[in-house]
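Contents: one structure, followed by commentary.
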Protein chains: 2
Amino acid sequence: MIGQVGKRVTAADVARSLGISRATVGFVLNNTPGQTISERTRQRVLAEAERLGYRPHRAAQDLRRGSSKVILMVIPDWRMEYRLRWHLEEAALAVDEAGYSLAIYARQIAGRARPLWELLAPDVVLGLWPFDDEEVASMRACGVTRIHPDPEHPGSLDDASIITAGPALQVDHLHGLGHRRLAFAASADPRTSPLQEARVRAAERAAAQLGLDPLDVRTVDYLGDSATDAVRRWHAADVTGVVAYNDEVAATVVGAAIRAGLAVPGDLAVIGHDDTPLAAMFLPSISSVDFDAVSVGRHFAALALHTIDGRPLPSEDFEGNARVVARESTVGGR
Amino acid sequence: MIGQVGKRVTAADVARSLGISRATVGFVLNNTPGQTISERTRQRVLAEAERLGYRPHRAAQDLRRGSSKVILMVIPDWRMEYRLRWHLEEAALAVDEAGYSLAIYARQIAGRARPLWELLAPDVVLGLWPFDDEEVASMRACGVTRIHPDPEHPGSLDDASIITAGPALQVDHLHGLGHRRLAFAASADPRTSPLQEARVRAAERAAAQLGLDPLDVRTVDYLGDSATDAVRRWHAADVTGVVAYNDEVAATVVGAAIRAGLAVPGDLAVIGHDDTPLAAMFLPSISSVDFDAVSVGRHFAALALHTIDGRPLPSEDFEGNARVVARESTVGGR
DNA sequence: AAGTCTAGCTTGCACGTGCAAGCGACCGGA
DNA sequence: TCCGGTCGCTTGCACGTGCAAGCTAGACTT
């Protein structure tokens, strides 16, 4: 066995060591309002707690409080959720300020292990899109009362600017470069479907607004021939610009195009989404859409806090300061 | 089950609803040994608990038990820890069987949010390599008594076959293709350094065993000119084979080589590590090293359980059934 | 001198659980 | 008839915390 089973220091130990009562210790350490504690006692308590290395027992706090002060954020198990990581770091900080903790959990689609909410018993579970009935039931059973998006009133991803801004920028970028027949390359990864569908619709709306033909949507997988097929069909149909669901899909399309003998961007221009390292690294490098991590993170935190205590819901107009990063896959120049 | 929102169902509710005592309910639900409960009562309790949707309150259990039954596994915040995810899913299952839960936490190197162990109060914290003093102090302060690797006796990554098997395979693969002057492409990402250093040493040992010259180790970043520089130097020094720390680094090297006018694998053969989708997707596709998720996962679980209750430590000879996946970046054929 | 007020504490309870100890009813043996 | 033993359950406590309510000594008022 590794490690020493050290005895835990409790508030009672601190009190006993000072010869005072446990409640006094509690009042000092919690700054309980409405209590009058002499400055001398206060300092002695603080010093002794520090000296003994006292840390409140989380389970006891949770039990007493009836709340775990944990916000669980569930994210999809994307292969490359590069940007999201940074967004979430910012969200964790913002939530910290409100006295909560943000735990982040990437669920596996075929996950056979227990979901993290059964382990954490969080106050809030936050998802990027609605949970299915089974998940909701499992959360409810574990005492989770606050869930976002609200299972009763799911709302639509199509109304969130933070979802729709990226695809709109992608379409605008290609249109601005003179492309008039566009396609959408979708991921075969089932984990992304709700978000992906919202992005497809957003791209289609943007195309319609510019007077373009409806997008030719095709699913592409990095294994197998689906990408090669898609590229051939697109080329045959005079498509010259492809909006990809994300950078990984964009890379797959670019790879298939080049293997099929097409020039990128000469015959086919491709733009990804999320600005992952892959986009910068690929050959040719891939244009993408970047978001501002800080503002997106604060947006998530605002969502969580709204769900907890009804603080104002963040604006649906928030678009995360999205911007296009133009690279070789659309503007050439290698 | 009654899906009530709000009020939590306790064991006392189940007991009250049946007109029996709380202890009886507890004995039934925990299968407490040494208790005699009539079959009729047992069934009534189980049925009523199910009907009311009873779930034990984790905080209360933890408080009573004095242990959270959580194993926290800390992994580095790699950008593409693709394979690791699957390994960990297997580990979670194996640990489940022992009555524990496995939480996985990807720490951010610049992470300003609280580490997950402060939130979870786990029984064990498990890392892939030794924690630094500050982290150990923080864990100890939160009541974590068991840490692996043991801060007192850290041990060396160099002795673990699961670390060294991959680099050895990479070197062997290139050697088998006739390459005699090899280099190592290291990642500029500081998060990977301990593992990276172990991999470098393992590759160097493998090279030495084959009678090759010492490896020319260079750090490569997908941003900036470091990759281009490295490729030029290597080519000038007649290096023909590059062992990359992982697939991402391999892609960066391949990209730089091709942009510099070198043929891959004609002028420079490159092999990655981890067999991520990126390796299959890249242009040209990248050879890599794959591991068996199930056995690696069980290895992690065995480590955790050893740390908890002294079960036999898994063998250091375990190499995770590593194998080379040969692709265009070493064997050509496009 | 007697009463009032308040600063500065202490006592005590509840949170939900697991389990030790206790307790009455019944049953079998003497 | 009595008595020990087992079955099947209940009472009660401890875990560590946050906080409501109470309590005491001294200061201050009348």
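Just so we're on the same page: letters track the sequence lines, and every chain starts at 1.
- With rounding to the nearest 0.5 angstrom, the CE atom of B:Met139 is 7.5 Å from the CG atom of B:Leu72.
- Rounding to the nearest 0.5 Å places CD of B:Gln61 at 10.5 Å from OG of B:Ser67.
- Sorted by residue number, the members of residues 11-32 of chain B with any non-hydrogen atom under 4.0 Å from DNA chain C read B:Ala11, B:Arg22, B:Ala23, B:Phe27, B:Asn30.
- Nucleotides of DNA chain C lying under 4.0 Å from heavy atoms of chain A occupy a range whose first and last members, 5' to 3', are C:dA7 to C:dG16.
- Nearest heavy-atom pair across A:Leu52 and A:Val9 is O-CG2, 3.3 Å.
- Within the 4.5 Å cutoff, the side chain of B:Ser17 has heavy atoms near those of the B:Arg51 side chain.
- Across residues 58-68 of chain B, B:Ala60, B:Gln61, B:Arg64 each have a non-hydrogen atom less than 4.0 Å from an atom of DNA chain C (numbered order).
- Between B:Asn31 and B:Arg42, some side-chain heavy-atom pair lies under the 4.5 Å cut-off.
- Atom-to-atom distance recorded for A:Asn30:CG and A:Gln35:CD is 10.5 Å, nearest 0.5 angstrom.
- Residues B:Val70 and B:Val124 fail the side-chain proximity criterion, which asks for heavy atoms closer than 4.5 Å.
- We find the OG1-CG distance between B:Thr24 and B:Leu29 to be 10.5 Å, quoted to the nearest 0.5 Å.
- At D:dC9, one or more side-chain N or O atoms of B:Ser38 fall inside 4.0 Å of OP1 or OP2 (strictly under the cut-off).
- In this entry the distance linking CD1 of B:Ile37 with C1' of D:dT6 reads 14 Å, nearest Å.
- Nearest-nucleotide assignment on DNA chain C puts the 5′-proximal partner with A:Thr41, out of A:Thr41 and B:Pro56.
- Using a 4.5 Å heavy-atom cutoff, the side chains of B:Leu116 and B:Leu119 are in contact.
- If you take OG on B:Ser68 and NE2 on A:His57, they are separated by 8.5 Å, rounding to the nearest 0.5 Å.
- At a threshold of 4.5 Å between non-hydrogen side-chain atoms, the residues A:Thr307 and A:Ile71 do not count as touching.
- Per the geometry, CZ belonging to B:Arg42 stands 10 Å off P belonging to D:dC9, to the nearest Å.
- Using a 4.0 Å heavy-atom cutoff across all strands shown, A:Thr36 reaches at least one base atom of the nucleic acid.
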